[in-house]
Amino acid sequence: MKYRHSFHAGNFADVHKHVTLLALIAALQRKNKGFLYLETHAGRGLYDLHSADTHQGAEARLGIGALRTANCESPQITAYLDALDRACANSNSPGAYAGSPVLAALSLRAQDRGICCEIQAAECRALERALNIYARMRCECVDGYQALGAHLPPVERRALVLIDPPYEEQADDLQRAGDGIAKALARLANAVVVLWYPIKDDRDLAPWLSRMAAQLRVPALVAELWLHPRDARVGLNGSGLLIANPPYQLDVELAQWLPELGAALGATRQGGTSVRWIAHEQH
Ligand SMILES: C[S@@+](CC[C@H](N)C(=O)[O-])C[C@H]1O[C@@H](n2cnc3c(N)ncnc32)[C@H](O)[C@@H]1O
C-alpha cells in the first residue's frame with residue numbers, strides 16, 4: 001500500500017470529517033449510557049504539519065489553515081478547534097495536528113471506550129504512541145473490516161463506527177466500505193456508522209450511492225462539502241460522509257453549521273454543501 005495519510009492531514013476533507021465526527025460523539029453523549037467508538041482505518045493519530053512527511057502542511061493550509069482564520073461561530077466548529085488545541089498541547093509539538101483517533105480519544109467519557117485499527121505496521125506503532133496517554137482508547141494493528149466482526153456487538157449495545165478507507169482503488173474501496181456498513185449494521189442494528197468517501201466524479205459516485213440507498217434498511221443521510229465542480233479533473237473535488245442511523249436532529253444541526261464550514265473552506269465559489277436523506281428519512 002502506497003497510501004500515507006500524512007500528505008493529506010488537515011486538508012479540507014479531514015476538517016469536514018473531523019468536525020462531523022466530534023458533532024456525532026457529542027450527540028451520542030446526550031445520553032448517559034456509554035458506547036463503543038470503533039474506527040476501522042485510523043492512520044497514525046498525530047501528524048506534524050511542520051514536517052517533510054506532510055509536505056510542510058501544504059494541503060492543510062487550505063483546510064485547517066483556512067478554518068483558523070475564518071472566525072466561525074457555530075459551536076460544532078469551535079468545539080473542533082478547541083479539541084485540536086488540546087491535542088496539540090498534550091503532544092508538546094507546535095506543528096501537531098490531530099487525526100480522528102486522537103480527537104475521539106479526547107472526547108470519550110469514563111463510561112465510553114474506543115478501539116482504533118490500522119493495518120500498516122509503522123503507522124500503527126505511531127498510533128500507539130499517539131494514543132498512549134488516552135486511557136479510554138486502544139489501538140489494534142489489524143484489518144479494520146475484520147475488527148467489525150470481532151468487536152460488534154459491544155457489551156454497551158451502543159456504538160459509533162467510523163470507516164475511513166484510503167481509496168487507492170476507488171471502486172473496490174467503495175464496495176468494501178459498503179459491505180463494511182452492512183456488516184456493522186447486521187451485528188448491531190442501531191450502530192451509528194459513518195463512512196467517508198471522496199467526491200471525484202459524480203458519474204461514478206451516483207450509482208454507488210443509489211445502490212447504498214436501496215440496500216440500507218435503516219435511516220441514512222449524506223453530508224457533502226465540495227470545493228470544485230463535481231466532475232472537475234483536479235483530483236479531490238469534495239468530501240462526503242454517509243451516516244447510517246444519524247442521531248436525532250443531526251440533519252437539522254448539519255444544515256445550520258455545514259454551510260458556515262463550507263464558506264470558511266472556500267466552498268462558495270465553485271463548490272457547495274448539502275445534507276440529504278438517502279434512506280428512511282427520520283421525522
Ligand atoms: C484516510 S487514512 C485514515 C485517517 C484517519 N481516519 C483520520 O481521519 O485521521 C486511511 C488509513 O487506513 C489504513 N488502512 C488501509 N486499509 C486498511 C484496513 N483494511 N484496515 C485497517 N487500516 C487500513 C491506511 O494505512 C491509512 O493509514
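For ligands, and for the atoms within them, numbers begin at 1 and follow the listed sequence. None of the values given here were measured: they were computed from a predicted structure.
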### Task
Check Glu39 against ligand 1 and report side chain, backbone, both or neither, counting heavy atoms closer than 4.0 Å.
side chain
### Message
Please determine whether any non-hydrogen atom of Val142 lies less than 4.0 Å from an atom of ligand 1.
### Response
yes
### Query
What part of Tyr3, side chain from CB on, backbone N/CA/C/O, both or neither, has a heavy atom under 4.0 Å from ligand 1?
side chain
### Full working for disulfide (SG to SG under 2.5 Å) between Cys124 and Cys141
CA-CA 6 Å; Cys124 194; Cys141 301; 2.0 Å; yes
### Task
Under 4.0 Å from a heavy atom of Pro166: give me the atoms of ligand 1 that qualify, with their elements.
15 (C)
## Note on the structure
At under 4.0 Å between heavy atoms, what of Lys17 touches ligand 1? The answer is side chain
### Task
Run the salt-bridge test on Asp173 and Arg176 with the 4.0 Å N-O cut-off and return the result as yes or no.
yes
#### Entry: Short side-chain to backbone donor-acceptor contact, Glu156 and Asp112, under 3.5 Å
no
### Message
Can you tell me how the ring of Tyr80 sits relative to the ring of His18, calling it parallel under 30°, perpendicular over 60° and tilted otherwise?
### Response
tilted
### Task
Going by heavy-atom distance to atom 1 (C) of ligand 1, choose the closest among Glu140, Gln120, His5.
His5
### Task
Please answer whether the main-chain N or O of Met137 pairs with a side-chain N or O of Arg113 as donor and acceptor at a distance below 3.5 Å.
no
### Query
Which residue, Tyr145, Tyr3, Trp196, forms the ring pair (Phe, Tyr, Trp, His ring centres under 6.0 Å) with His41?
Tyr145
### Query
Can you find an N/O atom of Leu162 closer than 3.5 Å to an N/O atom of ligand 1?
no
### Summary
On a heavy-atom basis, the closest approach of Leu67 and Ala264 is CD1-CB, 3.8 Å
### Message
Can you report which non-hydrogen protein atom sits closest to atom 14 (N) of ligand 1, along with the distance?
### Response
His41 CD2, 3.6 Å
### Query
Where the closest heavy atom to atom 26 (C) of ligand 1 is concerned, which of Arg176, Arg44, His18, Glu118 has it?
Glu118
### Task
Please indicate whether any nitrogen or oxygen in Glu123 is less than 3.5 Å from any nitrogen or oxygen in ligand 1.
no
### Query
Can you check whether Ala232's main-chain N or O pairs, donor with acceptor, with Asn237's side chain at less than 3.5 Å?
yes
### Query
Would you say the side-chain atoms of Glu224 and Ser239 include a donor-acceptor pair closer than 3.5 Å?
no
### Task
Specify the protein heavy atom at minimum distance from atom 19 (N) of ligand 1: its residue, its atom name, and the distance to 0.1 Å.
Asp143 OD1, 3.2 Å
### Query
Is there a donor in the side chain of His228 and an acceptor in the side chain of Gln270, or the other way round, less than 3.5 Å apart?
no
### Task
Look at atom 22 (N) of ligand 1 and say which protein heavy atom is nearest, naming residue and atom and giving the distance to 0.1 Å.
Ile119 N, 3.2 Å
### Task
Using a 4.0 Å heavy-atom threshold (strictly under), name the region of Ala42 that reaches ligand 1: side chain, backbone, both or neither.
backbone
### Task
Could you tell me which atoms of ligand 1, counted from 1 in the order shown, lie closer than 4.0 angstrom to a heavy atom of Gly43?
3 (C), 27 (O)
### Summary
Among Cys124, Gly99, Ser100, the residue with a heavy atom nearest to atom 7 (C) of ligand 1 is Ser100
### Query
What's the shortest heavy-atom distance between Thr273 and Pro259, and which atoms?
OG1-CA, 3.8 Å
## Note on the structure
If you scan protein heavy atoms around atom 4 (C) of ligand 1, the nearest is Asp164 OD2, 3.3 Å
### Message
Suppose we measure from atom 20 (N) of ligand 1 to each protein heavy atom; which comes out shortest, and what is that distance?
### Response
Gly144 N, 2.8 Å
### Query
How far is atom 15 (C) of ligand 1 from its nearest protein heavy atom, and which residue and atom is that?
Met1 CE, 3.4 Å
### Query
Do side-chain atoms of Asn11 reach the backbone of Leu62 as a donor and acceptor pair under 3.5 angstrom?
no
### Message
Suppose we measure from atom 21 (C) of ligand 1 to each protein heavy atom; which comes out shortest, and what is that distance?
### Response
Thr40 O, 3.1 Å
